[in-house]
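Taking it in order: structure first as structure tokens, then the write-up.
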Amino acid sequence: MCGRFALFHDPAEVARVFRAMWDPVALARWRPAWNIAPTRPAAVVGADADGAVIHVRRFGLVPSWAKDASGAARMINARSETVHEKPAFRSALARRRCIVPMSGFYEWSGPARARVPWFFSPADTGLLAAAAIWERWRPRDSAAATRPDAAEDALETFAILTKPAGDAVAAIHDRMPVLLPESAWRRWIDPAVDGRDAVAAAVLEMSPLAVRRVSPRVNDARREGADLLEAPAESP
DNA sequence: CCAGACGTTGTT
DNA sequence: GTCTGG
DNA sequence: CCAGACGTTGTT
DNA sequence: GTCTGG
């Protein structure tokens, strides 16, 4: 699956790779991150009238009909096998697909007492592109909804699609994010493309991955920094 | 009809 | 065990 | 995803 | 919002 990831590439590099423009508000707010956990902001690439645009949205999808945003940490992933039929995901899949640029993502192995983190990154250079869907949520509260700046109360969130693990991931875990090769980026974020077709094409793709064991300091979602990727201290 | 859910993943 | 927060 | 909390009451 | 269960 995919519950934690990193995007520490320079923002300008992210824009260049995805041939996208940063939303100015998003760019001002974004900082490279090595430990992006559910409920935390992440950069995402979406299709706009003007082309590909990078926004900052929160990890963990809150459906538009949710009474409050507190369930955000629960819908962090959507199964590619069933995403088209789930009430919580269906409309997002049809009309609101986006790409999550990643320097890499984490998976854990081992028993609950001693979880071991691993970092997966592109085998070659570059960035990973995870397939995702997003939603816009507004407070039900009518006073907030009628304020002139109601748009500022809107919360944009996303969930990452998953599929059965292949290649490098299978040894560690049984699920992994759906990763898109560059040739599939445009179709994924194009709302004119049927969602189910887009998923069917996306899950066939394989991105060559490198993997390494990293510091268990990453387990704590409050920690941050490049040193989270250091090899763990030797244990006998 | 109304009420209540709506999601994924983990581990021995 | 199960939920919440990061 | 993992880590950490998980409860009520009264009083200042 | 939209579907399922009673």
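Protein chains get the first letters and strands the later ones, always in sequence-line order, with residue 1 at the start of each.
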Please produce a list of atom pairs where a protein N or O lies less than 3.5 Å from an N or O of nucleotides 1-5 of chain E.
from	atom 1	to	atom 2	distance (Å)
E/dC3	OP1	A/R90	NH2	3.3

| query | NA contact type, A/S80, heavy-atom cut-off 4.0 Å: base, sugar-phosphate, or nothing? | reply | nothing
| C1' atoms of D/dG10 and B/dC2, separation to the nearest Å | 41 Å
| Honestly curious: do A/L179 and A/Y106 fall in one hydrophobic cluster under the side-chain, below-4.5 Å linking rule? | no
| query | Does A/L229 offer a backbone N or O that forms a donor-acceptor pair with the side chain of A/R212 under 3.5 Å? | reply | yes
| Does a donor on one side chain sit under 3.5 Å from an acceptor on the other, for A/T157 and A/W137? | no
| query | Is it the case that A/R96 and A/S91 place a side-chain donor and acceptor less than 3.5 Å from each other? | reply | yes
| What is the nucleic acid contact for A/N35, judged by heavy atoms within less than 4.0 Å: base, sugar-phosphate only, or nothing? | nothing
| query | Contact class for A/R74 vs. all strands (heavy atom < 4.0 Å): base, sugar-phosphate, or nothing? | reply | base
| Does a donor on one side chain and an acceptor on the other come within less than 3.5 Å for A/W108 and A/N219? | yes
| request: Using the C1' atom as the reference point in each nucleotide, state the distance between D/dT8 and B/dC1 in Å, no decimals. | output: 40 Å
| message | Within the 4.0 Å heavy-atom criterion, would you say A/P111 contacts the bases, only the backbone, or no part of the nucleic acid? | response | sugar-phosphate
| request: For B/dC6 and C/dT4, measure between their P atoms and round to the nearest Å. | output: 14 Å
| query | Under the salt bridge (charged side-chain N to carboxylate O under 4.0 Å, His left out) test, which residues partner A/D220, sequence neighbours left out? | reply | A/R222
| message | Testing A/R4, A/R217, A/R40 one by one against A/N35 for a side-chain hydrogen bond (donor to acceptor under 3.5 Å, both in side chains), which residue passes? | response | A/R4
Mind listing the side-chain donor-acceptor pairs of residues 194-204 of chain A below 3.5 Å, one per line with the distance, residues two or more places apart or on another chain?
from	atom 1	to	atom 2	distance (Å)
A/D194	OD2	A/R196	N	3.1
A/D194	OD2	A/D197	N	3.0
A/R196	NH2	A/H84	NE2	3.3

| message | Please find the pair of heavy atoms, one from A/G46 and one from A/I189, that lie closest to each other, and give the distance. | response | C-CD1, 4.0 Å
| Bracket string, DNA chain E, 5' to 3' - pairs by Watson-Crick or G-U geometry under 3.5 Å, | interstrand | ||||||
| message | What's A/L61 touching, base or sugar-phosphate or nothing? Going by heavy atoms closer than 4.0 Å. | response | nothing
| message | Under a 3.5 Å cutoff, is there a donor and acceptor pairing between the side chains of A/R79 and A/T162? | response | no
| query | In whole Å, what separates the C1' atom of B/dG7 from that of C/dT2? | reply | 16 Å
| query | Using a cut-off of 4.0 Å on non-hydrogen atoms, how would the nucleic acid contact of A/F89 be classed: base, sugar-phosphate, or nothing? | reply | sugar-phosphate
| Non-neighbouring partners of A/R58 that pass salt bridge (charged side-chain N to carboxylate O under 4.0 Å, His left out), sequence neighbours left out | none
| At under 4.0 Å between heavy atoms, what does A/S91 touch on the DNA or RNA strands: base, sugar-phosphate, or nothing? | nothing
| query | Using a heavy-atom cut-off of 4.0 Å to chain A, what are the terminal contacting nucleotides of DNA chain D, in 5' to 3' order? | reply | D/dC1 to D/dG4
| task | Describe the nucleic acid contact of A/G60 in one word from base, sugar-phosphate, nothing, applying a heavy-atom distance below 4.0 Å. | result | nothing
| query | So, the side chain of A/R97 versus the backbone of A/L93: is there a donor-acceptor pair under 3.5 Å, distance only? | reply | yes
